[in-house]
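These numbers come from a predicted model, not from an experiment. Chain naming here is simple, since letters A, B, ... match the order of the sequence lines and numbering starts at 1 in each.
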Number of protein chains: 2
Amino acid sequence: MTEISAAPAAPVRPLRADARRNYDRILAAAGAEVARSGANASLEEIARQAGVGSATLHRHFPTRQALLEEVFHDRVEALCAQARELAASDDPGEALVTWLRAVAVYGATTRGLAASLMMGPPHPPSGAGCGSMLLDAGGELLRRAQGAGAVRPETTMVDLLTLVNAVSLVTEGVADAADEAVRLVSLAIDGVRPLPVSGPAA
Amino acid sequence: MTEISAAPAAPVRPLRADARRNYDRILAAAGAEVARSGANASLEEIARQAGVGSATLHRHFPTRQALLEEVFHDRVEALCAQARELAASDDPGEALVTWLRAVAVYGATTRGLAASLMMGPPHPPSGAGCGSMLLDAGGELLRRAQGAGAVRPETTMVDLLTLVNAVSLVTEGVADAADEAVRLVSLAIDGVRPLPVSGPAA
DNA sequence: TGACAAACGGGGTGCCCCTCCATATCTTGG
DNA sequence: CCAAGATATGGAGGGGCACCCCGTTTGTCA
């Protein structure tokens, strides 16, 4: 988890040894710097801390988004793993809600993550980026929850994640970000109207 | 509404004529530029388009936030007016929801507004800024809705506006921003769980 | 109308993103 | 083991932006 694993899956040609070393250094520096300053951290500062020239950084990561994507890859993967675990739960409705809260907390406490997820193609993230990973992992949870009748059928994972991400984005950097995020997500999940005499999942 | 009205309420000394002219020009240019490029519009470009030096802009508006606050003042005031009208509705629950949707649409379609509202002091905006204005105006609606039993009593206006703002922020700039915003806000208001046989407001 | 407060804006500083290209470093076939 | 060629590097430079200093101009009012 703390180990930076390696370059992307199948680079047609393996990177030269020194190139790969720099790649990893940049990623490590970026992780630290983004944690400190958020998604707009200075790329030059990252290069400086990694001990490489700024050109090297730009060669490895053509866009800021590409860098962030890689920085957060492991953390997003962890969230996906959690989704897969929760998919085995015998209360699919609660499983989905639990996961959404977890995503919100992660996003609210991990500086830059939410912003990074919003950077890609407008909203339905397309490729194999972090957005799509979450979308896929969560999709399964949503399907099950809907199957169990715990969630309205017209709900989509895109909407849910957009909402959760919006909350993360807005609570990021606040003192008690995690609490705030959980509270807002819970509000959105439960709605603002009073529960009928006995709620569906009370 | 389209007229830029004047300098803030009570500047202890009235501005000199040329100063006031520049103030208004800057505000107009800022409105245009922010509409084009969002809350991060270049301040130098704004000064350029207003035909003033950048120092003049900084003298009138010490921070970006101060400028945005003034740019959006009228539009926020309009939303507050709408809130006051809606406060007379005989269905306080629906009135609140209607207003929240309106705020979301406004925020999603007015580039920079949502970002500007999030810039101030973390979340419970304090002073007499746009955030507080909305908070006050909406507070009345919320109180009535809660009085009518249409909204859970522990809900706060700060949370509601934060949520709505988050949605605006995230949908800003998307093609069908208004639709998207309304859909997400509605989702958050209604919650994700299926309605019981007959919903409270069906 | 003249003197003084008020306002102005050019230009400087420091930071940032991104690219070019002369140089240095790895890798591999002989 | 070594050279030739492919790869990778990073300093320097172009273009922008935010913000401030301070000599100059412009209203204002007695």
Side-chain angles (χ1 to χ4, degrees), chain A residues 4 6-8 10-30 32-34 36-71 111-112 115-116 119, chain B residues 4 6-8 10-30 32-71 111-112 115-116 119-120:
Chain A
I4 305 295
V12 185
R13 287 263 264 114
L15 284 177
R16 230 170 68 175
D18 54 345
R20 170 117 135 210
R21 195 172 345 119
N22 283 335
Y23 181 98
D24 289 345
R25 274 191 196 152
I26 291 170
L27 225 40
E33 199 49 26
V34 168
R36 250 186 13 93
S37 324
N40 291 321
S42 156
L43 298 182
E44 291 211 324
E45 180 61 26
I46 291 172
R48 222 171 287 137
Q49 300 219 352
V52 306
S54 58
T56 298
L57 186 151
H58 282 95
R59 199 172 318 107
H60 281 297
F61 305 96
T63 67
R64 175 182 297 272
Q65 172 62 7
L67 176 57
L68 292 174
E69 200 84 22
E70 216 50 53
V71 164
R111 295 209 66 183
S116 149
M119 272 175 155
Chain B
I4 305 295
V12 184
R13 289 260 266 116
L15 284 177
R16 228 169 67 174
D18 53 344
R20 170 114 135 215
R21 195 172 345 118
N22 283 336
Y23 181 98
D24 289 345
R25 275 192 195 151
I26 292 170
L27 225 41
E33 200 49 27
V34 168
R36 253 188 8 96
S37 325
N40 291 322
S42 157
L43 298 182
E44 292 216 323
E45 179 62 24
I46 291 172
R48 223 170 287 136
Q49 300 220 349
V52 305
S54 58
T56 298
L57 187 150
H58 281 94
R59 197 172 318 110
H60 281 297
F61 305 97
T63 69
R64 176 182 297 273
Q65 172 63 8
L67 176 57
L68 292 174
E69 199 85 21
E70 217 49 53
V71 163
R111 295 210 66 182
S116 149
M119 272 173 155

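Minimum interatomic distance between B/A47 and B/S54 (heavy atoms only, all atoms of both residues): CB-CA, 3.9 Å. Contact between A/I46 and A/I26 at its shortest, heavy atoms only, is CG2-O, 3.9 Å. Between A/M119 and A/L68, the closest heavy-atom pair is SD-CD1, 3.9 Å.
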For nucleotides 24-30 of chain C, 5' to 3', base contacts (B), sugar-phosphate-only contacts (S) and non-contacts (-) with protein non-hydrogen atoms under 4.0 Å give -BSS---

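Partners of B/D18 by side-chain contact (heavy atoms from CB on, under 4.5 Å), not counting sequence neighbours, listed by chain and number: B/R16, B/R21. In this view, B/S37 and B/E33 satisfy the side-chain hydrogen bond (donor to acceptor under 3.5 Å, both in side chains) rule, not counting sequence neighbours.
Non-hydrogen atoms lying under 4.0 Å from DNA chain D are contributed by B/R48, B/S54, B/A55, all within residues 45-56 of chain B. Within residues 58-69 of chain A, the residues that have a heavy atom under 4.0 Å from DNA chain C are, in order of number, A/H58, A/R64.
The backbone N or O of A/L43 lies less than 3.5 Å from no partner atom in the side chain of A/R64, so there is not a single donor-acceptor pair.
We find the CG-NE2 distance between B/L67 and B/H58 to be 9.5 Å, quoted to the nearest 0.5 Å. Interatomic distance, A/R20 CZ to A/R25 CZ, rounded to the nearest 0.5 Å: 13.5 Å. For the atom pair CG (A/L27) and CG (A/L57), the distance works out to 10.0 Å, reported to the nearest 0.5 Å.
Protein atom CD of B/E44 is 17 Å distant from nucleotide atom P of C/dC15, rounded to whole Å. Atoms CD (A/E33) and C1' (C/dC15) sit 14 Å apart, rounded to a whole Å.
Taking 4.0 angstrom as the limit, B/N22 places none of its side-chain polar atoms (N or O) nearer than this to OP1 or OP2 of C/dA7.
Chain B approaches DNA chain D over the interval D/dC17 to D/dT28, counting the first and last nucleotide 5' to 3' with an atom under 4.0 Å from its heavy atoms.
Two residues are said to be in side-chain contact when any heavy atoms from C-beta on lie closer than 4.5 Å; B/N40 and B/V34 fail this criterion.
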